[in-house]
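Below you'll find the structure, written out as structure tokens, and then a few comments.
Throughout, a chain's letter reflects where its sequence line sits, starting with A, and its residues are numbered from 1.
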2 protein chains.
Amino acid sequence: MAPAAPQPQAPDTKTRILDAAARLFHEQGFNATGVSTILREASVNPGSLYNLFPSKDALLGAVLERYTELLYPVVMKPVEDKTADPIDRVFALLQQYRDWFAPLDFRLGCPIGNLALEVADSHPEIRPLIQQNFDGWSAFVEKWLTEAGDRLPQLLDRKQLAATVLTVMEGGLMQARSSRSAMAYDASVAQLRTYFDLLLSQAQSEGGSGERASRSSGV
Amino acid sequence: MAPAAPQPQAPDTKTRILDAAARLFHEQGFNATGVSTILREASVNPGSLYNLFPSKDALLGAVLERYTELLYPVVMKPVEDKTADPIDRVFALLQQYRDWFAPLDFRLGCPIGNLALEVADSHPEIRPLIQQNFDGWSAFVEKWLTEAGDRLPQLLDRKQLAATVLTVMEGGLMQARSSRSAMAYDASVAQLRTYFDLLLSQAQSEGGSGERASRSSGV
DNA sequence: GGCATGATTGAATGTTCACTCAACACTTGA
DNA sequence: TCAAGTGTTGAGTGAACATTCAATCATGCC
């Protein structure tokens, strides 16, 4: 296929639809977004959309598939490029998310999280795609935590902690959106930071080689 | 249908509407719930509903007002009755929430949280009511943490930690709903428990009277 | 040039949406 | 017994909804 590209880029129909749909679902939610609005914003006629996507639900599915594809290049790569230390990467991710939404006064939430609560149990074929997105996020964080090796306590469950990082992001953002303020998000991240500091110092006192957890908590 | 009033009590129109609306908004979301469905479930005609509530949005507002009113008697009082220790109350609350939603395989989320993400930035007059609910939850947890006194580190910000508890609940439940599994919720609660244990033992080592935080983390 | 194929057009479909309102029923106080 | 007030009835409103499809267009291949 010869890419005869006169303009820097003139996105094709499918791309325009996906871009518009993703943006509108994020801004207004799935149910509150009419197909006619997507058509207008994408400059497309209904027949074209329904030639490419059999239904509005299928379009939502395609949007979520694309979120999965974009997870690494858009979300994770910038973090990994900017930050080398695996533990710092966790908090760089949380900071990056803050930087995205703070300028808009937290008017928007996580695009995945919003859809998760809106369509999770009404669209059986969509829920797995949401789960797939969360799993992807969680897997990256878990990878970093594993790379941190013995800087974290031996008995600490990396998967559990990774899930908690995602929890902090989503739960914090939900409150930020409700209050139009960063407070609860920042508070949750700060507490997570303190928790990590305690874990790091606990691991440090675990010392040299294989040693059973001796102090206070079982982890 | 002829049963005039065999039951102990036949709730009045307003109550029937609020009950049905609250249940349907919770199960299906606000936008996905048609007024006609509410009317059917409440056995009410449209004119009656619109005599009591000027619009569907106003009905949503009334539902959220009622959530605020029910926060103590339905959510917090059972926890306080069952559990005396202030720190244990935090985890009793998290457990109670789990017990509510686990039997349904986490098909439903937090009624407030769902609405928070669905209507927070499209309904300016509703958002404050959601925030008011979150503030209420957070205030109770903060009260308990304050009652814990010097069992927690002196410099620990109780308000921040209370916000984090809410974060864990909402973020964990969102993931539970997406995966139809308690895993991420339990993981987040377990990590919070570990964090609390570390904080408790840190406070213990702060010892007798007024003392600056000496160890590792600043909190 | 001719033709097959897939993309695009856009008016029209039937359905569902939130909401209205004139008529009616019931309670209450005089 | 009646008048006033409050709550209820339910068919009906126009608008918006997701979706369809016969017709038209653009493109690649022989």
Would you say [X] places a side-chain N or O within less than 4.0 Å of OP1 or OP2 belonging to [N]?
X	N	result
B:Thr13	D:dT8	yes
B:Tyr50	C:dT20	no
A:Asn45	C:dG10	yes
A:Ser48	C:dT9	yes

Starting at CZ of B:Phe25 and ending at P of C:dA18, how long is that distance when rounded to a whole Å?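 Roughly 9 Å, once rounded to whole Å.
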Tell me the interatomic distance from A:Lys14, atom NZ, to C:dA7, atom C1', rounded to whole angstroms.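 That distance rounds to 13 Å.
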Of the options D:dA18, C:dC19, C:dC17, whose atoms approach the side-chain atoms of B:Ser36 most closely?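 For B:Ser36, the side-chain atoms sit closest to C:dC17.
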Counting the atoms with a prime plus P, OP1 and OP2 as sugar-phosphate, which does [X] contact under 4.0 Å by heavy atoms, base, sugar-phosphate, or nothing?
X	value
A:Ser43	nothing
A:Thr37	nothing
B:Gly47	base

Test side chain to side chain contact (heavy atoms under 4.5 Å, CB included) applied to A:Leu71 and A:Met76, A:Gln132, A:Lys77, the passing residue: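 That would be A:Met76.
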For the residue pair A:Thr15 / A:Asp12, report whether a side-chain donor-acceptor contact shorter than 3.5 Å exists.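 Per modelled atom types, A:Asp12 and A:Thr15 side chains form a pair under 3.5 Å.
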Do A:Asp57 and A:His123 pair up side chain to side chain, a donor and an acceptor below 3.5 Å, judged on atom types alone?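 Judged by distance alone, the side chains do pair up.
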Is the terminal nitrogen or CZ of B:Arg193 (NZ for Lys, CZ for Arg) located under 6.0 angstrom from the six-membered ring centre of B:Phe91 and within 45° of that ring's axis?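 Judged by the rule (NZ or CZ under 6.0 Å from the ring centre, within 45° of its axis), B:Arg193 counts as positioned above B:Phe91.
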